[in-house]
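Structure, as C-alpha cells:
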There are 2 protein chains.
Amino acid sequence: MRVSELVACTGVPLATVKYYLREGLLMPGEATSATQARYGEEHVRRLGLVKALAGAGLPIPRIRKVLQLIDHPDGSLFEVLGQAIGQLPPYLDIPADPGDYPRARAVLEKLGQIYDPRYVAVAQLERALEALEDAGIPMTEERLDAYGRHIRGIAEVDIGLMPTGSAEDAVRCAVLGTAIYEPVIAAMRRLAHQDIAQNFFQKTDEQDAS
Amino acid sequence: MRVSELVACTGVPLATVKYYLREGLLMPGEATSATQARYGEEHVRRLGLVKALAGAGLPIPRIRKVLQLIDHPDGSLFEVLGQAIGQLPPYLDIPADPGDYPRARAVLEKLGQIYDPRYVAVAQLERALEALEDAGIPMTEERLDAYGRHIRGIAEVDIGLMPTGSAEDAVRCAVLGTAIYEPVIAAMRRLAHQDIAQNFFQKTDEQDAS
C-alpha cells in the first residue's frame, strides 16, 4: 500500500508517520521510485504498536527501547518482558539497594511473592505506600490481605490471556496490557465504589427513617 | 504553635504555608501580634490534607473545591462524596448524554451496577476501553467477569474501612483513598505479574528440558 493508505488504515497522521520513519521507529517501506515507497502489513502492525505506546505515555526513546527488545530480544523471554515493562511510566530511580525500600519489601514478603528487587515497580510501590502514610491512611493488614488476593486474581487472568506465540506478541501484550488496563481498573474501582456506596447510603437512610 | 512549628510538624515548607494562607486553602491563625499568629491542631490537619491532595495531582482550584465541600457540605453525604471524588484527575468532559459512552454503558450494564451517567468515571472508563480497542487488546467477556469480581472485592473493602464519623473524615478518606490507592494497586498488579510469570516461565523451561 502507499503511504496515504497507511495513514487511512492506522489513523496516524502523515506528518507523524514521516516523523516515526525519520526516528527509525517505523521501518522504511520498499522504494518504488525516488519519492514513493510501498508499505505492508508489518508497517500497519508496527505503527499501531507505536501509536499505542505513545498513547500510554512513553516518550520516543522508551518506545525505541521496546521496539529493540521486540526486534532483537536479548536473554530469556521473562527478562525481555521485564525490561519492556520497565519502559512504562511512572519513571522512578531503580532501587540500588532493596533495603532502601522497607515498606515495599514488607508488603511483598507478607504476600509471599518472588520479586526482582531492581524492578522499578518495587520503587513505585514504596512511593505509593509512603504517600499513604503521609496522608494518614496507611495500608492495614486487613486491606493488604484483601488487596493481595484480588490483585493476584486479576494478574492471573492477565497472564492466562497472554498470547504464547511470537515474542513480539508477548511483549506487545505485556507492555500494553500492563499500561492500558491500569486506567480501566482505576475507573472500574471508582464506579464500583459508587454502586456499593449507593446501596450503603440507601440502607442507612432507611434505618434512619424507621 | 508558631508557624515555624507548623512547618516542622507537617513538613510543608514555610513559603508553601504562606501561599496556602494567601490562597485561602489554610485558615488564618489566631493573631498574637501584628506579625505573628498561633496555629492549632486544625491547621496541622488541614495542611496535611492540602499536601496530600496536591500530591495526588489536584490543582489549587480543585483543592479549594474539596475543602469547600468539607466546610460547607451541600446535599447528602453521598452527593458530597461524588462531587469531591469528581475533583480528582484524569480531567475529562463529563458526559452530556450517556448514549455517547456506549462501551462504558455496556460494561456497567453487564456488571449490573447502579451508576450516575454524569459521573466523570464513566467518561474515564469509556476512554480507557477505547484505548484497548485501538491497541488491539479489547476487553473480553472472560476478562470482564474476573475483573468485575475482583475490583468489586477491593471496592467493598474500601467502603467497609471508611470512617463513619464526621463528613470531613468521610470526604478526606474517599478522595485520598480513591487517589492514593490507585498507584498502590497498579504497582501491586505489576509485581503480581512478575511473581506469576516467574512461576509460569519456570514450568515452561522444565517442560522444555524434560
Side-chain angles (χ1 to χ4, degrees), chain A residues 48 51-52 55 76-78 81-82 85 108 113-116 119 121-122 124-125 128-129 131-132 134-137 139-140 142-143 146-148 150-159 161 173 176-178 180 182-198 200-201, chain B residues 48 51-52 55 76-78 81-82 85 108 113-116 119 121-122 124-125 128-129 131-132 134-137 139-140 142-143 146-148 150-159 161 173 176-178 180 182-198 200-201:
Chain A
K51 184 186 176 185
S76 71
L77 183 54
F78 178 73
L81 290 177
I85 292 169
L108 288 161
Q113 281 181 202
I114 297 169
Y115 65 100
D116 178 350
Y119 188 38
V122 178
Q124 196 185 340
L125 181 58
L129 292 169
L132 293 181
D134 280 352
I137 41 171
M139 179 66 92
T140 60
E142 184 183 357
R143 197 192 286 255
Y147 272 44
H150 289 299
I151 291 168
R152 189 170 192 90
I154 289 172
E156 275 168 357
V157 175
D158 294 333
I159 302 282
L161 290 175
C173 174
L176 294 182
T178 299
I180 302 191
E182 284 174 3
V184 174
I185 293 170
M188 283 178 71
R189 175 167 170 261
R190 291 188 188 190
L191 288 159
H193 285 153
Q194 190 174 52
D195 181 57
I196 297 164
Q198 189 134 355
F200 178 80
F201 282 102
Chain B
K51 184 186 177 187
S76 71
L77 183 54
F78 178 74
L81 290 176
I85 292 167
L108 288 162
Q113 282 182 199
I114 297 169
Y115 66 101
D116 177 351
Y119 189 38
V122 178
Q124 198 185 340
L125 181 58
L129 293 169
L132 295 180
D134 281 352
I137 42 172
M139 180 64 90
T140 60
E142 183 184 358
R143 197 191 285 256
Y147 272 45
H150 289 299
I151 291 167
R152 190 171 189 87
I154 289 171
E156 275 168 357
V157 175
D158 294 334
I159 301 282
L161 291 175
C173 174
L176 294 182
T178 300
I180 303 192
E182 283 173 5
V184 175
I185 293 170
M188 283 179 70
R189 175 168 170 259
R190 291 188 188 189
L191 288 159
H193 284 153
Q194 190 174 55
D195 181 58
I196 298 165
Q198 190 134 352
F200 178 80
F201 282 102

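Not measured: the values here are computed from a predicted model. Proteins get letters first, then strands, A, B, ... in listed order; numbering begins at 1 in each. Values reported hereafter were calculated over all heavy atoms of this structure, with side chains retained and with hydrogens, waters and symmetry mates removed.
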Between B:L77, B:D134, B:T140, B:L129, the one whose heavy-atom pairs under 4.5 Å with chain A are most numerous: B:L77
Give the member of B:G82, B:G177, B:S76 that has the highest number of heavy-atom pairs under 4.5 Å with chain A. B:G177
Can you say whether [X] sits under 4.5 Å from chain A via the side chain, the backbone, both, or neither, judging by heavy atoms?
X      : result
B:I185 : both
B:A128 : both
B:V184 : both

Minimum heavy-atom distance A:Q124-B:P183, with the two atoms named: NE2-O, 4.5 Å
B:A197 to A:I159 - nearest heavy-atom pair and separation: CB-CD1, 4.2 Å
Between [atom1] of [X] and [atom2] of [Y], what distance do you get to the nearest 0.5 Å?
X      : Y      : atom1 : atom2 : result
A:M188 : A:D195 : CE    : CG    : 11.5 Å
B:I196 : A:I114 : CD1   : CD1   : 11.0 Å
A:I85  : A:L81  : CD1   : CG    : 6.0 Å
A:D158 : A:R152 : CG    : CZ    : 12.0 Å

A:A192, part contacting chain B, at a heavy-atom distance under 4.5 Å: both
A:I154 versus chain B, heavy atoms under 4.5 Å apart: side chain, backbone, both or neither? both
Counting heavy-atom pairs under 4.5 Å to chain B, which of [options] comes out on top?
options                        : result
A:M139, A:R189, A:E142, A:E156 : A:R189
A:G136, A:G153, A:A52          : A:G153
A:K51, A:R190, A:H193          : A:R190

Side-chain (B:Q194) to main-chain (A:D116) donor-acceptor, under 3.5 angstrom: yes
